[in-house]
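Chain identifiers are assigned alphabetically (A, B, ...) following the order of the sequence lines, protein sequences preceding nucleic acid strands; residue numbering begins at 1 within each chain.
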Number of protein chains: 4
Amino acid sequence: MNSILSSIKDPSLIEKRRNQIIRSAISLFEKKGFHRTTTREIAKEAGFSIGTLYEYIRTKEDILFLVCDSIYLQVRERLEAQIDPDNSSLAHFINVIRSYFYLMDDMQEEVIIMYQEVKSLKKESKDYVLQKEKDMVSMLERVIAKCFPHSLNSNERQLLANNIFIQGQMWGFRRWMLQKQFTLETYMDSQIQFLIQSIQAKSSSDKC
Amino acid sequence: MNSILSSIKDPSLIEKRRNQIIRSAISLFEKKGFHRTTTREIAKEAGFSIGTLYEYIRTKEDILFLVCDSIYLQVRERLEAQIDPDNSSLAHFINVIRSYFYLMDDMQEEVIIMYQEVKSLKKESKDYVLQKEKDMVSMLERVIAKCFPHSLNSNERQLLANNIFIQGQMWGFRRWMLQKQFTLETYMDSQIQFLIQSIQAKSSSDKC
Amino acid sequence: MNSILSSIKDPSLIEKRRNQIIRSAISLFEKKGFHRTTTREIAKEAGFSIGTLYEYIRTKEDILFLVCDSIYLQVRERLEAQIDPDNSSLAHFINVIRSYFYLMDDMQEEVIIMYQEVKSLKKESKDYVLQKEKDMVSMLERVIAKCFPHSLNSNERQLLANNIFIQGQMWGFRRWMLQKQFTLETYMDSQIQFLIQSIQAKSSSDKC
Amino acid sequence: MNSILSSIKDPSLIEKRRNQIIRSAISLFEKKGFHRTTTREIAKEAGFSIGTLYEYIRTKEDILFLVCDSIYLQVRERLEAQIDPDNSSLAHFINVIRSYFYLMDDMQEEVIIMYQEVKSLKKESKDYVLQKEKDMVSMLERVIAKCFPHSLNSNERQLLANNIFIQGQMWGFRRWMLQKQFTLETYMDSQIQFLIQSIQAKSSSDKC
DNA sequence: AATGAATGAGAGTTCATTCAT
DNA sequence: CATGAATGAACTCTCATTCAT
């Protein structure tokens, strides 16, 4: 599934231990960041020794990669579950966006890590992770295309998908600012309202 | 102006040396991040010895603070120069936003540093820096209020100001995605168009 | 035969497994040296698990001892097979020396290990191994004594035996130097010629 | 002079500290070998902190290289001082060899290190060091050529030079064997006697 | 005011060895 | 008898910081 090497043979044990590692690492990275978190702390938090940790990864950077990979996998799966590719109704569009905002609310810790630590991955891993991000923007873009087939050109769809994607992430990343002024509901509602207005305005302005 | 201690008496020398430090640090942080950059490297890049560096700061974190502080000061000054508080025309609104996007294009390195490294500041410094960010969003908000006095309520203005602010930063931060699809001009034009449409749609929908 | 403890009861299995261990270890030690070779690598090369390896030895040093012991045993057996204790002819002397040089050519890997790693044995094991080396020099000395009963005194015989012994080992150990200038045949022939000349010169000078 | 990098600027300090490092390392390597000696032990023995040690070298292997380089330099200088390139007398030949044996007696520790640890150098450094060894054999060869211009061909000279070189080293390396039977004087005298006999026998056998 | 040699706590990583299965 | 997951002491190396000059 992913390419991190381990000296352990049992695949189900690898998965179990790596999930422990990922959980511990996310919690520590969120508090202290990747660089200030030591491998020993991660091992301790995960409940095993430093030697055991290194049976399941090769370098500290592997842990960061596991974390990033796992975050995107989770976001993708949960978002995909909300998307019906054949449904072109406005209600479905709104529903997908709301689901995405709920998801981002849920994963605030993880989003912060992505923003701050991805740059510490080596180029190859970084490219892999950023491709995942592109894939997710594309998912949103396809929903837009389905629900507003005539109003927007390709560039406009991409831009809007990107804006939505960022607005979701920023709810958690800039919580020190946004979550004083807004509840999740008011934030979502306003953003969705602006969004639909600009799409529909676009649509009617084209007609004139 | 800022509270970093120095053992040097001459204030103009302090300012000169600190500017050298800031310039060197920004360039290094952008390449390698705060944690992977050593104080020795910063001193060398600035053209003096590690001993001299520590005459002008107390800890490595001080350097990060100097950098963040300087970035916001610069953004603020350049944006402020574009704002005419008495001009309520749509053209002026558009002009301010365009200026802000140009500025963000210019300061991509610095924006990346802000996003990734601010969390490494200690609480007190972080609060200080984030307050600066709030101030800047407020500047945009005031322009919106001036140019669209009736269309939007306070929360909506704040949200839009925040969206604009983020969209500007993301031009640089997500360049690996956006700068393949857009030029700065097409990005700006599209964002501004969506923005104005949603404001004006809001305005007319309220009237009905 | 040797005193390394094992938790396995079946002696023939012990011998079989230990021979696997020795073969793997020699090949790895030659490439990477004793310290850079891990017990895991030895077990893997031998075709069984690290747990099994430790059923047949107690410490990593045991492996080195097994290797050294096995090398000397092999050298001794092959050299002994060439020696006829009752033959006092010059031809037999030359034949023994040539056989010894062929043997050293064959065992270059092993000789290198002996030279470089014996010091890593603990005192007791080292003494045991060095005694084996003394025994082998003595074998050569006895052949000299048989073939040149009057020309040399005891010290001289020992010195020549030692010189021959070393010259054989150096053929492999200093191959980076010798094997560019000489073939095994030219090396042997020259060394034997010098050797016999100095013995015979000794003999005739004594007579004068 | 040598290419090991240091972050210290003062060259005379580098030389002083590196000599301390070399002295400490030789003493420790002789007792425990390169791999069992830790960098902390070397620093402690040299009288400074681990941090200071690493200001003067980059890796542990650098220390081994410094040691090997220094040993050869010393051997070379001391041997060169004994050689008069214009003197072709037998007495001079004998004198050079005796000087070389005294030297090897003096440097037993160092010779043992060379035999056992050179293989731990990376290829490039190893080639550099082995070239030095070749150079030293060549020095002996030139003395042979000067003193016995007609008796030996080039290959024979090389072989004898190599034999002498090894016999000197083995006095220390195999002291557990040789130094029980011989004093340095008796060892030297016997070896020189055999050597001269074989050269002179060669010379006269050629004439017949 | 400027220098840079010295420091040592602490980081990531390895690997011989054990022991429950 | 065989396995291999688990352990943690011990290793090499880094780097922010100090202070005598």
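Scanning all heavy atoms of the two residues, the minimum distance from C/Lys119 to D/Gly33 falls at CE-CA, 3.7 Å. Nearest approach of C/Ile4 to C/Leu66, heavy atoms of both residues: CG1-CD2, 4.0 Å. A pairwise comparison of heavy atoms in C/Tyr54 and C/Lys60 identifies OH-N, 4.3 Å as the closest pair. Here the closest heavy-atom approach between residue A/Asp127 and residue A/Lys123 is recorded as OD2-NZ, 2.6 Å.
Interface limits on DNA chain F: the 5'-most and 3'-most nucleotides within less than 4.0 Å of chain B heavy atoms are F/dC15 to F/dT18.
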task: Run the numbers on C/Ser6 and C/Arg18 for side-chain contact (heavy atoms from CB on, under 4.5 Å), then give the verdict.
output: CA-CA 10 Å; C/Ser6 166; C/Arg18 286 191 176 167; 3.5 Å; yes
- prompt: Please walk me through it: do B/Ile26 and B/Ile71 pass side-chain contact (heavy atoms from CB on, under 4.5 Å)?
  reply: CA-CA 9 Å; B/Ile26 286 178; B/Ile71 292 175; 4.3 Å; yes
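Environment of NZ in B/Lys132: crowded, with over 12 heavy atoms of neighbouring residues, nucleotides or ligands closer than 6.0 Å.
In this structure, A/Thr59 reaches the sugar-phosphate backbone alone: every heavy-atom distance under 4.0 Å involves primed, P, OP1 or OP2 atoms, never a base. Across all strands, D/Thr37 comes closer than 4.0 Å only to sugar-phosphate atoms, never to a base (heavy-atom distances). Base engagement by C/Thr39 is indicated by at least one non-hydrogen atom pair under 4.0 Å involving a base atom.
Listed nucleotides: E/dG12, E/dC15, E/dA2. Nearest to the side chain of A/Thr38: E/dG12.
Two residues, C/Thr52 and A/Arg17, neighbour DNA chain F, and the one matched to the more 5' nucleotide by heavy-atom proximity is C/Thr52. Map D/His35 and B/Glu61 each onto its nearest nucleotide of DNA chain F; the residue landing nearer the 5' end is D/His35. Taking the nucleotide of DNA chain E with the nearest heavy atom to each of A/Gly51 and D/Lys9, the more 5' of the two is matched to D/Lys9. When each of D/Leu13 and A/Arg40 is assigned the nucleotide of DNA chain E bearing its nearest heavy atom, the one mapping closer to the 5' terminus is D/Leu13.
Summary of helix geometry: the two end axes of the helix from E/dA2-F/dT21 to E/dT21-F/dA2, each defined by five base pairs via their C1' atoms, are inclined to each other by 0° (rounded to 10°).
Between B/Tyr56 and E/dA2, a side-chain N or O to OP1/OP2 separation shorter than 4.0 Å is present.
Annotation: side chain of D/Ile8 is not in contact with side chain of D/Arg17 (no heavy-atom distance under 4.5 Å).
Distance C/Ile57 CD1 to E/dA16 P: 10 Å, rounded to the nearest Å. One can place CG of A/Leu53 at 15 Å from C1' of E/dC15, the figure rounded to the nearest angstrom. Between the CD1 atom of C/Ile21 and the P atom of E/dA16 there is a distance of 14 Å, rounded to whole Å. A straight line from CD of A/Glu41 to C1' of E/dA11 spans 11 Å, rounded to a whole angstrom.
Using a 4.0 Å cutoff on non-hydrogen atoms, the parts of residues 43-50 of chain C near DNA chain F are C/Phe48, C/Ser49, C/Ile50, ordered by number.
In this structure, the separation between CG on C/Leu121 and CG on C/Asp69 is 10.0 Å, given to the nearest 0.5 Å. A distance of 13.0 Å separates OG1 in B/Thr38 from CZ in B/Arg36, rounded to the nearest 0.5 Å.
For a distance-only test at 3.5 Å, the side chain of C/Arg36 fails to qualify as a donor-acceptor partner of the base of E/dT14.
Using the six-membered ring where Trp is involved, B/Phe29 and B/Phe34 have ring planes that are perpendicular, over 60° apart on the 30 and 60° scheme. Ring pair B/Tyr56/B/Phe48 is tilted by interplanar angle, where 30° to 60° counts as tilted.
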